Protein chains: 2
Amino acid sequence: MPTIYDVAREAGVSAATVSRVLNGAQTVDPDMVARVLTAVRELGYRPNAVARNLRRSRTTLWAVIISDIGNPFFTAMVRGIEDVAQQEGYSVVLCNSDEDPAKEETYVAAALSEQMAGVIISSSGSVKAAKTLIESPIPVVAVDRELPRGSVDTVMVDNEAGARTAVEHLLAAGYRRIACITGPEGVSTADLRLRGYTAALSAPPVIVRTDFREQGGYDAMAALLSSPEPPDAVFVANNLMTVGALRCLKERGVDVPGEMGLVGFDEVPWADLVRPSPTTVAQPTYELGRMAARLLVDRIATPAAKPATIVLPAELHPRQSSSR
Amino acid sequence: MPTIYDVAREAGVSAATVSRVLNGAQTVDPDMVARVLTAVRELGYRPNAVARNLRRSRTTLWAVIISDIGNPFFTAMVRGIEDVAQQEGYSVVLCNSDEDPAKEETYVAAALSEQMAGVIISSSGSVKAAKTLIESPIPVVAVDRELPRGSVDTVMVDNEAGARTAVEHLLAAGYRRIACITGPEGVSTADLRLRGYTAALSAPPVIVRTDFREQGGYDAMAALLSSPEPPDAVFVANNLMTVGALRCLKERGVDVPGEMGLVGFDEVPWADLVRPSPTTVAQPTYELGRMAARLLVDRIATPAAKPATIVLPAELHPRQSSSR
DNA sequence: GTGAAAGCGCTAACAA
DNA sequence: TTGTTAGCGCTTTCAC
């Protein structure tokens, strides 16, 4: 690979001039610009970004750490982040922690080592990763899920209100024994949605905690069905678990919404093609990503500003699974 | 941020010794190791990966360039890549080209500038990006989609055979006027699946080309329905377009599989919950990613070896949409 | 407007 | 076994 010195020699100028041309400095003679560009083309020269990053001691990379790349909720959010990033001259490096705190810590360490310009994270609950990030000089934005014990810029939906709406909707439809399937303790969305569920209920709550995956939802539903007094409805705290719960109900031949009502948090892709179609609490996913990216841009510009928290509304989408 | 010299001073050793300790050299006195590690902890030192990469003139990053992060097919594949990468000590940087050749070119340029250790790409058809990659010294593996005009390591399924199987399945079910909805010309999966369709057919083919997105499938189906002589079945060349086509059929009240048979390429998530459930040609998605990553590891080890092509089988999953 | 030279933080020869 | 030193490729003063 040719270096900037090869180009300089070929063009008969100094390396400094090549650098100026390549970085769009105004103060270069047009003749030299032409000579440099010709040399660049002839040699097939590509600036070495690693060297540039070292010299400038900054990069144009954002680490986006999400907890499940297989969840369409996150990929839609990433789209929002990417669009802003591109517009602002950053590239997005996507890191999939897979709901594994250890992996999350590894990615956080890598983001710091690689001197990334910023981090957007949807925490899978690692306190250590959160601590490392907060103590580091790197700008951080939490999206979807709050950072454990962290005071950083945050964008999320009103999880509690969304959950309450879901449960009230089930109550209004006449369901009485409403259970809740939620995610791991310490993950903010799991805890807040659970709180909203509890708040809306006057009867004693029935809670199953599992992971946020499809299989988790399936198993939780199976457990509820085989309990001595099964619920007549269930509020499920994310989309993948909702799909798992639906699959379980279908396999057991339980009539939805007749024998069992269901509302899930997060939109389910192709919900309208699924039978019975699930009632959901939808989030402005793309917007969530966009706002997070905006906050990161601001934070990079003014690192000392006070952390902001943006809460967007979630919206009930009534479908078949809750209307008996 | 403290540097290696700060650690050296704190520990009363040279920077070289710190480096040796941190890189696990065997030839360091245990006392010094202890002193260095203490200093590292006290200062909260993190090695600067940018500097290390420059000095070593290599990195431990792979760029994985996929054409649609919203497509579960790709995210499942990425999982396979990630698992091997982690095992081999590489980190995966995910780049979403969004089926946009210009974005693809940008990411390829970035991968080269950043001196990435390797690239795994599912080409969205950019000949320029392919050319740049092939002419570069960076190890490349094509996955799912062949690189345009490129001779590089490749992992894909037998697209032609899969498509043929799908169409033969429709013929066996008694459908006679079978249309094909496929992707953009120049994208290998679109072209090969189309070829398989044509090969299985004795009647004249009816072909609609669109993008590989859900809306594209919807529009293509709408166009077929409003043609003078609509087909009685359709073979759709990817999962998102299949969902779009299904949605269109549902909205128009077309009975599937009665009035219209349908088989889609790629698995559709939660296919079994959708009504009517789509018959699909499923790919070993995770395995595709795993094999691609394996090839990349080999290629990095022996850059001069002859390029390999691995073709995995695709498998028909009969469901409701094709059985009348 | 251009070039010389220093140095970003690290690793790896080489010397001791 | 440890330290000294050079240099990875680039950008950015500073002097001209």
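Scope of the values below: all heavy atoms of this structure, side chains included, with no hydrogens, waters or symmetry mates. What you see is a predicted model; the values in this text were computed from it and never measured.
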Exercise. Which nucleotide sits closest to the side chain of B:D29: D:dT2, D:dT12, C:dT2?
Worked result: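 Nearest nucleotide to the side chain: D:dT2.
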Problem set entry | A:V13 side chain, from C-beta outward: closest of D:dG3, C:dT2, C:dG3 |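 Of all the options, the side chain of A:V13 is nearest to C:dG3.
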Exercise. Any idea which of D:dT12, D:dC10, C:dT11 is nearest the A:A16 side chain?
Worked result: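 Nucleotide nearest to A:A16's side chain: D:dT12.
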For this session: Return no unless some side-chain N or O of B:S19 is found under 4.0 Å from OP1 or OP2 of C:dT11.
Result: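 Yes, B:S19 has a side-chain N/O under 4.0 Å of OP1/OP2 on C:dT11.
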Problem set entry | Between P of C:dG1 and CD of A:Q26, the distance in whole Å |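 Spelled out: CD on A:Q26 to P on C:dG1 is 10 Å.
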Problem set entry | Which nucleotide in D:dT11, C:dC10, C:dA12 has an atom nearest any side-chain atom of B:A51 |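 Nearest nucleotide to the side chain: C:dC10.
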Problem set entry | Rounded distance (Å) that lies between atom C1' of D:dT2 and atom CZ of B:R9 |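 Atom CZ in B:R9 sits about 19 Å away from atom C1' in D:dT2.
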For this session: From the options C:dC10, C:dT2, D:dC10, select the nucleotide whose nearest atom is closest to the side chain of B:P47.
Result: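 For the B:P47 side chain, the nearest candidate turns out to be C:dC10.
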Exercise. If you check every side-chain atom of A:T17, which of C:dG1, C:dG3, C:dG9 has the closest atom?
Worked result: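 Nearest to the side-chain atoms of A:T17, counting from C-beta on, is C:dG3.
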Exercise. Below 4.0 angstrom from OP1 or OP2 of D:dC10, is there any side-chain N or O of A:N53?
Worked result: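 No, A:N53 has no side-chain N/O under 4.0 Å of OP1/OP2 on D:dC10.
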For this session: Please step through side chain to side chain contact (heavy atoms under 4.5 Å, CB included) for the pair A:V187 and A:F212, ending with a clear verdict.
Result: CA-CA 10 Å; A:V187 176; A:F212 268 133; 3.9 Å; yes
Exercise. For the side chain of B:R55, counting heavy atoms from C-beta on, which of C:dT2, C:dC8, D:dC8 is nearest?
Worked result: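 Selected nucleotide (nearest to the side chain): D:dC8.
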Exercise. Do A:T154 and A:E146 meet the criterion of a side-chain donor-acceptor pair at a distance under 3.5 Å?
Worked result: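 Distance-only check fails for A:T154 and A:E146.
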Problem set entry | Listed nucleotide nearest any side-chain atom of A:I4, set C:dC10, D:dT2, D:dT11 |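 So the side chain of A:I4 is nearest to D:dT11.
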Exercise. Salt bridge check: are A:E82 and A:R79 linked by an N-O gap of less than 4.0 Å?
Worked result: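 Salt bridge flag = no for A:R79 with A:E82.
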Exercise. Taking N and O atoms by type only, does the side chain of B:R20 place a donor or acceptor under 3.5 Å from a partner on the base of D:dG3?
Worked result: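 Yes, a donor-acceptor pair under 3.5 Å.
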Problem set entry | Polar side chain donor-acceptor pair, B:D83 to B:Y286, under 3.5 angstrom |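 A pair is found: one side chain offers a donor N or O, the other an acceptor, under 3.5 Å apart.
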For this session: Take the protein atom CE of A:M32 and the nucleotide atom P of C:dG1, then report the distance between them rounded to whole Å.
Result: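 The answer, rounded to whole Å, is 12 Å.
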Exercise. Among C:dG1, C:dG3, D:dC10, which nucleotide sits nearest the side chain of A:Y45?
Worked result: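 Looking only at side-chain atoms, A:Y45 lies closest to D:dC10.
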Exercise. Within the structure, does a side-chain N or O atom of A:N48 lie under 4.0 Å from either OP1 or OP2 of D:dC8?
Worked result: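 Answer is no, no contact under 4.0 Å.
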For this session: Between B:T27 and A:N23, name the one whose nearest nucleotide on DNA chain D is closer to the 5' end.
Result: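 Counting from the 5' end, the first nearest nucleotide belongs to B:T27.
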Exercise. Do you see a donor-acceptor pair shorter than 3.5 Å between the side chains of A:S126 and A:E105?
Worked result: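 A pair is found: one side chain offers a donor N or O, the other an acceptor, under 3.5 Å apart.
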Problem set entry | Ionic contact status for B:E42 with B:R35, cut-off 4.0 Å |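 Salt bridge absent between B:R35 and B:E42.
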For this session: Considering just the side-chain nitrogens and oxygens of A:Y5, establish if one lies under 4.0 Å of OP1 or OP2 belonging to C:dG3.
Result: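 The answer is no; no side-chain N or O of A:Y5 sits under 4.0 Å from OP1 or OP2.
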Exercise. B:L22 CG to C:dT11 P: how many Å, rounded?
Worked result: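 About 8 Å, once rounded to whole Å.
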Exercise. Among the nucleotides D:dC10, C:dA12, C:dT2, which one has an atom lying closest to any side-chain atom of B:R56?
Worked result: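 Of the options given, the side chain of B:R56 lies nearest C:dA12.
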Exercise. Once you round it to whole Å, what is the distance between C1' of C:dA6 and CG of A:L54?
Worked result: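 It works out to 13 Å between those atoms.
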